[in-house]
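Working notes for the structure below.
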Amino acid sequence: MRLLKLVPEDTNIDFLRWRKIASAASFILVVVSIALVAVKGLNLGVDFVGGQSVRVEFPQTMPKIDEIRDKVGDIGLGEATIQQFGSDKAVAIRTGLPEGDKAAADRAGKQLVDGIHKAFPTAHTGSVETVSGKVSGELIRTGALSLVLAMIGISIYIWIRFEWQFGVGALGRLFHEVALTFGLFAVTQLQFDLNSIAALLTIVGYSLNDTIVVYDRVRENLKKYRKMEIVPLLNLSINETLSRTVMTSVSVMLALGMLLLFGPDVIFGFTAAMLFGVFVGTYSSILMSTPVLVWLKVGPQSFVPRTSAATEGAERVTRKDDGAVV
Amino acid sequence: MLDFPRWKTIGISLILLFGIVFSIPSFLPEKTFDRLPSFAQVKVNLGLDLAGGSHLLLEADVGDLQKTQLANMEKTVRAAMRGERGADDDIAIGELSTAGDKISFLVRDQKQLDEARDRLFKETRGAAMTGQRDWQIDVIDTTRLVLTPTAAGQKQAVANAMDTARDIIDKRVNALGTREPTIIRQGDDRIVVQVPGLQDPQQLKDLIGKTARLEFRMVDTNADPNEAAAGRVPVGSEIVPYAEGAGAGQSFEVLRRQVMISGEQLLDAKQGYDGQSGQPVVNIRFDSGGSATFAKVTAQSVGKRFAMVLDGRVLSAPSINEPILGGSAQISGSFSVASANNLAISLRSGALPVKMTVVEERTVTPELGADSIRKGAIAGIIATVSVLVLMLIVYGRFGVYACIALFFNLFLIIAIMAGFNATLTLPGIAGFVLTIGAAVDANVLINERIREELKRGRRVFQAVELGYSEASRAIFDANVTNVIAAALMFWFGTGPIKGFAVVLTIGIATSVFTAVTVTRLFAARWLHAKRPTTITI
């Protein structure tokens, strides 16, 4: 039986040749993402801004969004955000909470649900979420904290298991992935809530998975081919792990894609973010995670006992290293 | 690496058997499940987002609690200075006032200052383990005593109040007859209430949001209605507003501050109907002390009016036509059957020591939950199958091993989750899918490595052995980073994130086991049996 090979048996692609272009592209994308978040902002869910969100399903035909907006406005809870939700007969209606009122969260949910039932007698309210301003502030803080701590914790682990250059590379890559995913949320205006943070943390974990596989191979090759220049060595490592990278990415994207197509619409944003993250992650592991190692001058001395590292390192400085630019 | 001693094979088989056996109960219908022996009655709980239900986060009004404490201390001061009944040992005090969080008063006779101080000291208690007392007593200008609550004392008071509140809420929710509610304290001043399958969260909110502090107080007949309307009332009285829908044209009553009988003296409270109007009411009964007081006060005050006050609002203020001797009374108001029942439950379970407000509410209807779980399961199956097919066409025999390992992996995750009584949430389903990805990745790493080693010209046996040993390092490192991320999600995350982290952590552990150990066992047995000289991978 002949088995399918997603990647040809022997690849010898000079990925590192594109490292400047790829890095510049990534840098621009990161900047654009940050700018997008700053300009367009994120479509923050009630988890993070406080307020309430009700999922409403209409049995026959859905009224025009504007009509819904008008009627919800009449309830007196301020401007409503209305978002189509999965099927074409369901919307999520989001409103704020009266300010400075501690008991507001207590009452507002009922007010909104009752108001909707009055305006649209046939509508069916599925789920109600109400989060007070104080709680939402805490959720933002803990969410951001867990994200930052995860990035730092993982980088420290890599630094301990490998070398500091690898830790820096991993951190840079994580930042890249997280920034781009934030950019995605800004562009699509997908709702950013607690689940999105879970998605980001997963992307962080997945990216690291990839980075480590590549780095592990780099470390192995550094020990094996002690005379090889760093750039060809990195190319070799990427090519050797290429089929694995592609196979894993394809299968994970396949699984996530199915979840996106057939899964409950409540986790649509969550799954979409992960799918995007895996896609970016695949690009990163091929083109992004290794250039840093060239610039930070990783070499065979990185994985030999300290005493000889000093002298060997000194030799390397005088050698013409074609990666020592930028 | 490819040697499996008998004990190892048996051990691995036992673990896999455990996975299958203990995951089965989770799939059984409820009736069959209940018939299982108790050790096998383990199953994965469905989160509220899947089963439908309500999640409420309640926050205590700490400021309100401190106000109550201060008021109680003021009473204690008065009582302590009045001294024992009969004994002529009153200490004359003046200018008793509470400002901010301090109580201060003047001891008229300076010689009695030390005595006053000693009496108050007896009323303070040690707070927690700090050795501090809950109130600090200072003497100012040699004539004035100042009482300040200590930080440790306040903390202790909040902690005590929260424990009591938790118990009371527990009683109230259980009285509703809902199934398996979860009521836990969170942080210093919060309580989480989760009730699966609950259709109407409003009833729950009404029930647990009520402090249910019931008081019987006399109406101050000396108060001038016009003065009262302007906010001026006699000393020892205060204006208390009517509850919504009560009062018949009046918006407030002037009541004596002194509480005649309070809710603590209640023996029982039941929802019933008024004999004349047929309206829903709450019938209450006092304990012997309460009955005696009630009888005495009503005997003295025939023709006057008393008021029933609930949570600082007057429910009704009837006239006393004759002394009420039996120790039972009827609370009427504009009740529905449900709200009267709620009030009865609240009164029976006692007053909350502190006001609680809902700061977070999440409700999912059971239909939506069922819809989510159906779609989630379908998507999960499709995802698994498509990944399996891919593995099969890419790695052949070794892909089959990976697939079998994957199935065992799913069973193991469910079994372990059931063992820990963990909850499966919607993001948890996504965690499942991701675990499939991680498990596949481990096998991809191994199989790619075997391919490489074969390409380098190694013999089959050696190539497989090296494939496993060389890939293990990368698999280990990669999974540790994921565990780090999952652990952080668990510690800092709330609700859905936690659910996701649980599945991910368990999934990482089991997927490493099944993807590395189990597939290796299969591969080893096949290699030993067939001794192939070439393999397709």
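Computation of the quantities below employed the complete heavy-atom set of this structure, encompassing side-chain atoms and omitting hydrogens, waters and symmetry-equivalent molecules. Below, read A as the first sequence line, B as the second, and so on, with proteins coming before strands; counting in each chain starts at 1.
The greatest number of non-hydrogen atom pairs below 4.5 Å with chain B, out of A:Ala150, A:Ser53, A:Ala199, A:Ala255, is found for A:Ala255. The candidate from A:Val46, A:Asn209, A:Val252 with the greatest count of non-hydrogen atom pairs under 4.5 Å with chain B is A:Asn209.
B:Arg190 and A:Glu138 are joined by a salt bridge, as a carboxylate oxygen and a charged side-chain nitrogen come within less than 4.0 angstrom of each other. Under a 4.0 Å N-O distance rule, the pair B:Arg456/A:Glu240 qualifies as a salt bridge. The pair A:Arg217-B:Glu448 does not meet the salt-bridge criterion, since no charged nitrogen lies less than 4.0 angstrom from a carboxylate oxygen.
For A:Leu145, the part sitting under 4.5 Å from any heavy atom of chain B is the side chain, from C-beta outward, and nothing else. A:Met274 touches chain B through its side chain: at least one heavy atom from C-beta onward sits under 4.5 Å away, while N, CA, C and O do not. With a threshold of 4.5 angstrom between heavy atoms, A:Leu260 does not approach chain B through any atom at all. Heavy atoms of A:Tyr215 lying under 4.5 Å from chain B are absent altogether. For A:Thr142, the parts lying under 4.5 angstrom from a heavy atom of chain B are both the backbone and the side chain.
Across A:Phe270 and B:Pro427, no two heavy atoms sit closer than the pair CZ-CB, 4.2 Å. Between A:Val250 and B:Leu390, the shortest heavy-atom contact is CG1-CD2, 3.8 Å.
Around atom CG of B:Asp188, no more than 12 heavy atoms belonging to other residues, nucleotides or ligands sit under 6.0 Å away.
Under 3.5 Å, the side chains of A:Tyr157 and B:Asp477 contain a donor-acceptor pair of N or O atoms.
For the atom pair OG1 (A:Thr248) and CG (B:Asn443), the distance works out to 10.0 Å, reported to the nearest 0.5 Å.
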Worked verdict on A:Asn195 versus B:Phe500 for side chain to side chain contact (heavy atoms under 4.5 Å, CB included): CA-CA 9 Å; A:Asn195 286 342; B:Phe500 179 67; over 6 Å; no
